[in-house]
Protein chains: 2
Amino acid sequence: MKRQVTIKDIAYKLGLSTSTVSRALKDHPDISSKTRTAVKELAALLGYRPNRIALNLRSNSTRTIGLIIPEIEHYFFSAIINGIEEIAYKNDYSVMVFQSNESYKREVINTNAVLTNRVDGVLVSFSKETNDFSHFQKLIDNEIPVVFFDRTTEDLPADQVVADDYQGAFQAVNHLIEKGCKRIAHFAAPQHLQIGKSRLAGYHDALLKHNIHFSHELVFLADTFETARKTAHEILRKPNAPDGFFAVNDISAIAIIKAAKELGKRVPEDVKVVGFENSKSAAFSDPELTTVDQFGFELGREACLMLLRRLKEGENTDFQPVRKIIRTKLVVRNST
Amino acid sequence: MKRQVTIKDIAYKLGLSTSTVSRALKDHPDISSKTRTAVKELAALLGYRPNRIALNLRSNSTRTIGLIIPEIEHYFFSAIINGIEEIAYKNDYSVMVFQSNESYKREVINTNAVLTNRVDGVLVSFSKETNDFSHFQKLIDNEIPVVFFDRTTEDLPADQVVADDYQGAFQAVNHLIEKGCKRIAHFAAPQHLQIGKSRLAGYHDALLKHNIHFSHELVFLADTFETARKTAHEILRKPNAPDGFFAVNDISAIAIIKAAKELGKRVPEDVKVVGFENSKSAAFSDPELTTVDQFGFELGREACLMLLRRLKEGENTDFQPVRKIIRTKLVVRNST
DNA sequence: TTTTTTCTCGCAAACGTTTGAAATAAATTA
DNA sequence: TAATTTATTTCAAACGTTTGCGAGAAAAAA
């Protein structure tokens with residue numbers, strides 16, 4: 001087993017102390033230029049590489065951030081990870097990824113893993129199942145900065161970065177109305193999620209603005225392909241079927257289009273559909289899906305930047321949680 | 001700053017030495033049951049949590065694996081990450097993710113990052129740009145086990161996990177021929193990538209089997225949406241246009257379908273298309289895409305399992321690289 | 001030459017844990 | 001009671017760094 005070369009090895013070979021070597025390597029003014037170059041040359045020759053673990057122990061920090069996320073396979077989340085990794089990379093941080101798979105139990109385990117790994121800070125978007133937040137409180141109690149993104153809560157004193165769900169939903173529904181829709185259904189996310197509430201609110205208010213009656217009968221819980229497809233099938237078959245759909249994500253929107261086609265309805269002529277996310281699939285579906293761009297990459301960047309800012313702050317005397325809202329943008333395509 | 005509670009704190013409060021506390025916590029037989037319970041109770045009370053960093057330093061291992069991957073946003077890769085994380089989680093390992101963004105330079109930096117982070121092992125799928133592998137050799141020289149997946153090379157003595165690209169390609173093209181295609185084009189990946197070669201070989205041999213002439217003029221380098229779309233446009237306009245396409249990935253296949261539609265050709269009547277990956281988009285496209293399932297999740301699992309096996313082995317006297325091939329499966333849908 | 005200042009460098013402790021060996025206390029045997 | 005074994009605990013070193021402080025040597029000032 002080839003041991004890694006350490007500062008001791010260099011010190012020994014040069015007849016110096018480890019302190020001197022350590023100082024020489026980081027250009028400490030106390031060290032003569034002669035020994036400095038000698039040390040550096042030998043270090044380069046031997047391929048010395050500081051042992052981060054030892055550094056970690058001494059500094060009690062790991063330059064690592066933990067990421068707890070529901071499902072990597074969702075385009076939106078992978079875009080977010082992309083943004084996070086980008087910023088982390090630029091600031092010489094590493095990212096540890098933990099998936100909750102939308103499971104509360106697993107999320108709690110992840111939270112512990114993040115703690116034992118002694119990450120410097122945590123980014124989290126919690127699972128759909130989660131409505132108790134005490135595991136995150138534990139992070140905060142341990143003085144680990146936490147930034148929530150996308151799936152957030154007001155129940156915790158923590159920073160948040162979210163898409164402008166309300167505005168996005170509002171614009172989407174407004175767009176449907178302007179395109180002539182009279183009866184618009186909303187496929188919603190669970191209402192204990194902030195995004196569920198906000199998008200419903202945007203839907204509601206856009207209707208209101210145009211004096212269209214809001215009815216709970218047109219709001220359905222359907223945020224997966226299967227449920228959306230099934231639900232769309234059912235309601236599109238009824239006599240008084242909607243002529244417009246605002247879905248809480250692209251997957252559901254695509255499912256709606258599929259269901260409509262299967263029932264012989266034309267999109268966008270008979271039924272107009274708008275999604276939320278602007279995933280790759282949205283551009284590939286037929287017709288191409290009108291959707292609200294959530295700017296996942298931006299969101300990830302911002303969340304990570306916010307966390308790094310907190311880490312730089314350190315000792316936060318009086319903590320004031322910040323809530324950052326990332327603009328959304330309606331991308332109009334052929335489904336409306 | 002609330003310091004984490006350490007073994008010392010417990011020792012002090014109980015009037016014991018740290019050694020005793022350490023041993024008590026891990027049920028060492030030397031410790032009397034009285035002190036053992038006392039220690040454990042106090043530990044639980046204070047919320048003691050062993051400092052992983054100290055452990056790492058002592059054991060010179062981090063229970064962390066590094067993952068170097070081109071782009072998280074690709075469905076295939078995120079599926080792989082999913083599989084990796086699954087296995088890592090079950091074995092109490094954490095995963096550090098580094099994206100190369102298909103850049104050789106960035107990949108080299110990632111390799112260094114992985115080294116300084118002292119991960120126990122590395123999983124890598126290298127970038128399209130990479131054809132010099134000395135940075136990976138550095139990992140091997142440092143006795144860090146490496147497993148390559150998907151994008152692999154024979155130039156390094158390392159384990160590999162790949163999809164059965166040859167077989168998948170063969171089946172795909174065979175399928176096209178059986179469906180009546182006479183003139184089949186192949187949109188290929190760069191030929192310095194093993195997957196590029198293997199899939200081309202599968203294409204070649206399937207033609208051969210049916211006594212169809214293989215021509216280099218029907219093989220194009222096109223593995224992104226844009227290049228595939230452009231290329232498809234060009235060749236579909238020519239008089240002797242292909243009636244079948246085998247694309248190296250789903251994105252390209254979807255681009256081909258799009259181009260065909262734009263030129264007024266019907267899929268699958270006039271042109272048949274088969275992709276490779278079985279991404280979500282494949283199921284959403286219209287017509288739904290026939291494609292080769294690469295089982296990314298399985299592949300990720302296997303790669304991680306193989307790495308963990310190597311880690312358990314430790315001291316490998318005579319290292320014999322293993323190459324594991326994950327079966328692929330043709331998923332027939334409406335594009336053929 | 002003596003005193004003071006400036007340059008270089010080494011000592012030792014610290015970060016939190018584990019572990020072989022030594023030490024003490026208790027129990028057993030002679 | 002003395003000698004021996006056994007049970008329990010502590011000591012100290014180690015993992016690889018950093019860093020406050022002190023020390024010796026050389027240079028400058030007196």
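Quick note on labels: first sequence line is chain A, next is B, and so on, each numbered from 1. The shown structure was predicted, so the numbers you read here are calculated from the model rather than taken from an experiment.
Over its length, the helix from C/dT1-D/dA30 to C/dA30-D/dT1 turns its helix axis by 70°, as judged from the five terminal pairs at each end, rounded to 10°.
Cation-pi geometry between A/R151 and A/F126 is not satisfied (NZ or CZ under 6.0 Å from the ring centre, within 45° of the ring normal). Cation-pi geometry between A/R106 and A/F98 is not met: the NZ or CZ atom fails to fall both under 6.0 Å from the ring centre and inside 45° of the normal.
Taking atom CZ on A/R118 and atom P on C/dG16, their separation rounds to 9 Å, with Å as the unit. At whole-Å resolution of the value, CG in A/N51 and P in D/dT18 are 10 Å apart. We find that CG of B/N56 is positioned 18 Å from P of C/dC15, with the value rounded to whole Å. Look at CZ on B/R36: it is 12 Å from C1' on D/dT8, rounded to the nearest Å. Between the P atom of D/dT19 and the CG atom of A/L57 lies a distance of 13 Å, rounded to the nearest Å. Between the CG atom of B/L14 and the C1' atom of D/dT8 there is a distance of 15 Å, rounded to whole Å. Atom P of nucleotide D/dG16 and atom OH of A/Y12 are separated by 16 Å, given to the nearest angstrom. To the nearest angstrom, C1' of C/dA12 lies 11 Å from CZ of A/R58.
With hydrogens and angles left out, the side-chain atoms of B/N101 and B/S103 include no donor and acceptor closer than 3.5 Å.
Scanning residues 20-35 of chain A for heavy-atom distances under 4.0 Å to DNA chain D yields A/S22, A/R23, A/K26.
Exactly one residue among A/V124, A/V119, A/I65 makes a side chain to side chain contact (heavy atoms under 4.5 Å, CB included) with A/V114. That residue is A/V119. Exactly one residue among A/I144, A/V146, A/L139 makes a side chain to side chain contact (heavy atoms under 4.5 Å, CB included) with A/T111. That residue is A/L139.
Residue contacts shown for A/I7 are limited to sugar-phosphate atoms, with no base heavy atom under 4.0 Å away. At the heavy-atom level, A/L16 lies under 4.0 Å from the strands shown only through sugar-phosphate atoms.
Surrounding NZ of B/K40 are more than 12 heavy atoms belonging to other residues, nucleotides or ligands, all under 6.0 Å away. In this structure, A/K128 places its NZ atom where more than 12 heavy-atom neighbours from other residues, nucleotides or ligands lie under 6.0 Å away.
Contact annotation: A/K8 does not reach the phosphate of D/dT17 (side-chain N/O to OP1 or OP2, under 4.0 Å).
The heavy-atom pair separating A/P157 from A/Q137 by the smallest distance is CD-OE1, 4.2 Å. Residues A/D159 and A/V322 share a closest heavy-atom pair of OD1-N, 2.7 Å.
For C/dC11, the base has no donor-acceptor partner in the side chain of A/S17 [N/O atoms by modelled type, under 3.5 angstrom].
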